[in-house]
Each structure stands twice: as structure tokens, then as C-alpha cells.
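Here the structure is a predicted model, which is why all the values come from computation and not from measurement. In what follows, chains carry the letters A, B, and so on, assigned in the order in which the sequence lines appear, proteins first and then strands, with residues in each chain numbered from 1.
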2 protein chains.
Amino acid sequence: MNQDTSESTPAGRGNARGEVTRSRLLDAALRSFATRGFHGTSTRDIADAAGMSPAAVYIHYRTKEELLFQLSLSGHRQVREIVDGAAAESTRPDEQIRQVVERYTAWHARHHTMAHVVQHEMPALNPTHAEEIATIRRGIEARIRKIVTTGADAGCFEVSNPAMTALAILSLGIDVARWYREDGAWSPDEIGNEYGELTLRMLTSRR
Amino acid sequence: MNQDTSESTPAGRGNARGEVTRSRLLDAALRSFATRGFHGTSTRDIADAAGMSPAAVYIHYRTKEELLFQLSLSGHRQVREIVDGAAAESTRPDEQIRQVVERYTAWHARHHTMAHVVQHEMPALNPTHAEEIATIRRGIEARIRKIVTTGADAGCFEVSNPAMTALAILSLGIDVARWYREDGAWSPDEIGNEYGELTLRMLTSRR
DNA sequence: GTCTATAGTTCGATAGAC
DNA sequence: GTCTATCGAACTATAGAC
């Protein structure tokens with residue numbers, strides 16, 4: 001559960017104490033949402049997990065939904081940066097997709113708590129926040145779909161339905177957050193490597 | 001949303017009226033749970049969706065959780081029968097896994113509303129009910145893992161990690177329930193066929 | 001078997017002392 | 001900035017009339 005939810009903060013800004021408290025609340029909310037879901041979590045649950053009174057929550061966040069939104073925003077931005085960074089590692093579609101899948105999948109295992117909340121609590125966001133998150137999601141999906149279609153057009157991949165195959169690749173990574181166990185047999189990196197192989201097989205026809 | 005949640009009932013049993021009401025309540029609960037989640041759904045939501053008063057719900061089901069359990073049980077049994085039936089179609093692992101994936105995936109698309117509830121609301125079940133559902137799940141997972149390992153041992157598949165590959169195959173089907181849209185470009189059967197192909201590619205190494 | 005009415009609890013969020 | 005105390009609403013489930 002050691003998943004950092006804080007943004008990097010310059011030291012000695014004077015608001016360091018407040019940032020720590022906000023971070024502790026985000027961590028508490030993340031663990032609560034992951035365990036019982038957004039609607040199954042009360043503000044008292046979050047306050048207890050953070051070692052504070054229910055009233056203290058509202059000094060730092062206006063509503064319970066605001067906590068979910070900040071978590072969703074942080075998680076989606078992390079994923080976007082991981083995918084962008086991996087895609088920039090090469091100009092070859094096959095090497096790009098391998099890097100993306102390895103890191104995307106490993107992230108969903110390593111940060112399975114946040115990944116679960118990010119992937120499955122979106123309907124609990126208010127319409128404004130949901131749209132902001134959906135925009136980031138569409139960017140991530142488009143980036144992966146682009147790699148598949150570019151590789152298919154270049155003859156690097158042999159796929160009959162690039163758009164559906166891109167969805168399948170996303171599904172593999174996303175669902176790792178559901179079944180991954182910290183005390184399981186495989187590390188996040190091992191899962192990422194194996195899934196990278198499986199993905200390249202999906203993208204290349206047998207002879 | 002035309003997803004039948006009722007068990008087949010012999011006509012003219014005398015309790016036909018009661019069965020219809022129970023079925024309407026299950027349908028209402030299913031749609032509500034799928035839209036807002038179990039904890040986000042009130043018994044008034046379910047009653048409204050079924051065209052009844054909140055009190056009428058409790059004549060047919062003891063608690064809100066009982067409704068979720070009956071839905072989960074029905075959904076999991078449907079999946080188990082689909083997987084068992086598909087596996088019985090052949091003795092060749094490659095044909096077995098193709099049939100299983102085609103039908104498993106198509107089911108998750110066609111019954112995406114139930115699939116979503118079945119796959120993601122398990123933590124809301126009470127411990128007794130959760131264990132009963134988990135037993136069915138383990139059977140389904142074991143059945144698919146068995147096909148993969150049998151095929152690997154027979155040299156029919158070439159996989160470095162059969163257990164993880166079996167999880168990947170399950171993930172592909174499960175996550176279809178998240179992204180499938182009834183007004184989308186592909187039918188459940190089309191998705192099933194494509195996913196059957198992708199799965200066979202994953203199970204066979206390139207030369 | 002279904003209704004209206006409501007009991008008893010818990011919820012999200014706020015007031016005001018310190 | 002954190003606390004105790006609490007408001008008003010919404011919740012699950014039940015009581016009792018019909």
C-alpha cells in the first residue's frame with residue numbers, strides 16, 4: 001500500500017506542513033476507496049484512517065468527491081506520463097508498444113490500489129470532473145491506438161482490427177489491478193515483461 | 001439492457017406472478033447497481049425502477065445485499081455453464097480455448113450490465129455469500145488455466161508462463177464489460193471472434 | 001402482497017470554541 | 001488548523017392498515 005499520492009513539493013515553502021496533511025488525507029481516502037468503494041466509504045472512514053476528526057477533512061478538501069477527483073487526476077497523469085515516456089523510447093512501433101505495455105502493466109500492478117480507484121470509480125465523479133478525467137483517458141487511449149495503427153500501416157504488425165486490438169492491450173494492463181496480489185508469485189516488472197511478450201504475439205500473425 | 005435475470009420457470013406453477021415480481025426486482029437492481037454501484041444505489045432507487053414502493057422490496061428479498069447475491073450467483077453460474085459448454089466442444093486445447101474465449105468474451109459484451117456488477121461488486125457481498133461466489137470463480141479460472149497448461153504440456157501451445165497467460169485471457173473477456181457500448185461498431189460475436197484469434201496468437205510463438 | 005408512514009441509524013457537511 | 005457537537009438529509013428496514 002506504499003503508494004505515493006503526493007505531488008512533488010519544493011522543500012521549505014512554508015506550506016510543507018499543510019501539504020503533508022493533504023497527502024495523508026489523500027492516502028487515507030485512497031485506501032478507503034480501494035477497500036469499500038467511493039460510495040461505501042464515509043468521511044468518518046477517511047478521517048479515521050488519516051488520524052483526524054471528520055471536520056478536519058473539510059479544511060483541506062471541499063467535498064468527499066473532491067478527494068476522489070484529486071486522486072483520479074494524479075493517477076491519470078501518472079499513467080499519461082508513463083505512456084508518453086515509453087513511446088518516446090523508440091521510433092519503431094514494435095519497440096514502442098513493448099515499452100508502453102511493460103511500463104503500463106507494471107504500473108497497474110505496483111500501484112494497484114490507485115489503479116483500481118482510477119479505473120472503476122469514475123462514475124462517482126461530478127460531470128465537470130468526469131469530463132476532465134475523460135479527456136486525459138482519451139489521450140492515453142489514442143496514443144496506444146496510434147502506435148498499433150502506425151505499426152499496422154507500416155507492415156510491422158499484422159492485425160485485422162487495430163482499434164479493437166488497442167482496446168485489448170489496454171484491458172490486459174487495466175485488469176492486472178484487479179487480480180494482482182502483493183504477496184503473489186510475480187513482481188510488477190515480471191508481469192510487465194511477460195505482458196509485453198504476449199502483446200507482441202497478438203500483433204504478429206503466425207506463419 | 002434487455003438482459004434476462006430470471007431462471008427458467010415452468011409455466012402454470014401458481015407462483016408465476018411472484019416469480020415475475022422477483023424478476024422485475026432483479027432487473028431493477030441490476031440496472032441500478034450497474035449505473036451507480038451497490039453502495040451508491042438506495043432501496044428507493046430499486047423500488048422506483050421496479051415501479052413499486054420501497055417496502056415491497058422486502059417482501060421478496062430480505063436485504064439489499066440479498067439482491068446483489070442472487071444477481072452474482074446467476075451471473076457466475078451463467079459464465080460457468082458457458083465455459084464448461086465451450087470446453088466440451090472439442091478435445092483439442094487450441095479449439096477448446098478458442099471456443100471458450102469466443103463465448104466468454106461475447107457473454108461479457110452481450111451481458112455487460114450483469115458482467116460489470118458480477119465482476120466489480122463482489123466486495124459488497126457478506127462473507128458467507130462472498131465465499132460461495134469465490135468458489136464458483138475459482139472453478140472457472142481453474143478450468144481455463146487447465147486448458148492452457150494441458151495445451152502447453154502437449155506442445156500445442158508455446159507459453160513461458162501458463163498461469164499468468166490464463167489470467168491474461170480472463171482479463172481480456174472481463175474488461176470488455178467495461179468498454180463495450182451497445183451502439184458501438186462491433187457486435188458481441190464479432191468481438192468474441194476477434195478475441196479468439198488474439199488469444200490463439202498469444203498461445204503460439206512466432207517462428 | 002402492496003401500500004403509507006416511520007423508526008432508528010448513519011450520512012455529508014457545518015458551527016463555533018480553542 | 002483541529003477539535004467537539006450537531007444539523008438536516010438520506011439511508012435500510014419495519015409496522016400496521018388494507
Enquirer: Working note: A/R103 + A/E81, criterion salt bridge (Lys or Arg N to Asp or Glu O under 4.0 Å); need CA distance, chi angles, decisive distance, verdict.
Expert: CA-CA 11 Å; A/R103 300 186 196 183; A/E81 286 174 23; over 6 Å; no
Enquirer: Taking CZ from A/R44 and C1' from D/dT6, how many angstroms apart are they, rounded to a whole number?
Expert: 10 Å
Enquirer: Looking across every strand, which nucleic acid part, if any, lies under 4.0 Å from B/A55 by heavy atom: base, sugar-phosphate, or nothing?
Expert: base
Enquirer: Tell me the interatomic distance from A/I59, atom CD1, to D/dC3, atom C1', rounded to whole angstroms.
Expert: 9 Å
Enquirer: Could you give the CG-to-P distance, from A/D48 to D/dC3, as a whole number of Å?
Expert: 11 Å
Enquirer: For B/K64 and D/dA13, give me the distance from atom NZ to atom P, rounded to whole Å.
Expert: 8 Å
Enquirer: Give the rounded distance in Å between these two atoms: CD of A/E66 and C1' of C/dG12.
Expert: 15 Å
Enquirer: Under a 3.5 Å cutoff, is there a donor and acceptor pairing between the side chains of B/H111 and B/Q78?
Expert: no
Enquirer: Under the side chain to side chain contact (heavy atoms under 4.5 Å, CB included) rule, what do B/R201 and A/V159 come out as? Steps first, then yes or no, please.
Expert: CA-CA 11 Å; B/R201 286 189 179 192; A/V159 287; 4.2 Å; yes
Enquirer: Rounding to an integer number of Å, can you tell me how far A/E65 CD sits from C/dC11 P?
Expert: 19 Å
Enquirer: Return no unless some side-chain N or O of B/T43 is found under 4.0 Å from OP1 or OP2 of D/dT12.
Expert: yes
Enquirer: Would you kindly compare B/F38 and A/T21 by the position of their nearest DNA chain D nucleotide and give the one closer to the 5′ end?
Expert: A/T21
Enquirer: What is the distance, to the nearest angstrom, from the CG atom on B/L67 to the P atom on D/dA13?
Expert: 10 Å
Enquirer: Can you see if the side chain of B/Y58 gets near the phosphate of D/dT14 - specifically, an N or O under 4.0 Å from OP1 or OP2?
Expert: no
Enquirer: Strictly below 4.0 Å: does B/H39 bring a side-chain N or O up to OP1 or OP2 of C/dC11?
Expert: no
Enquirer: Would you call the rings of A/W179 and A/W186 parallel, tilted or perpendicular if under 30° counts as parallel and over 60° as perpendicular?
Expert: perpendicular
Enquirer: What integer distance in Å separates A/H60:NE2 from C/dT14:P?
Expert: 15 Å
Enquirer: Once you apply a heavy-atom cut-off of 4.0 Å, does B/S42 come out as touching a base, just sugar-phosphate, or nothing?
Expert: sugar-phosphate
Enquirer: If only side-chain N and O atoms count, and only distance matters, is there a donor-acceptor pair under 3.5 Å linking A/S160 with B/E194?
Expert: yes
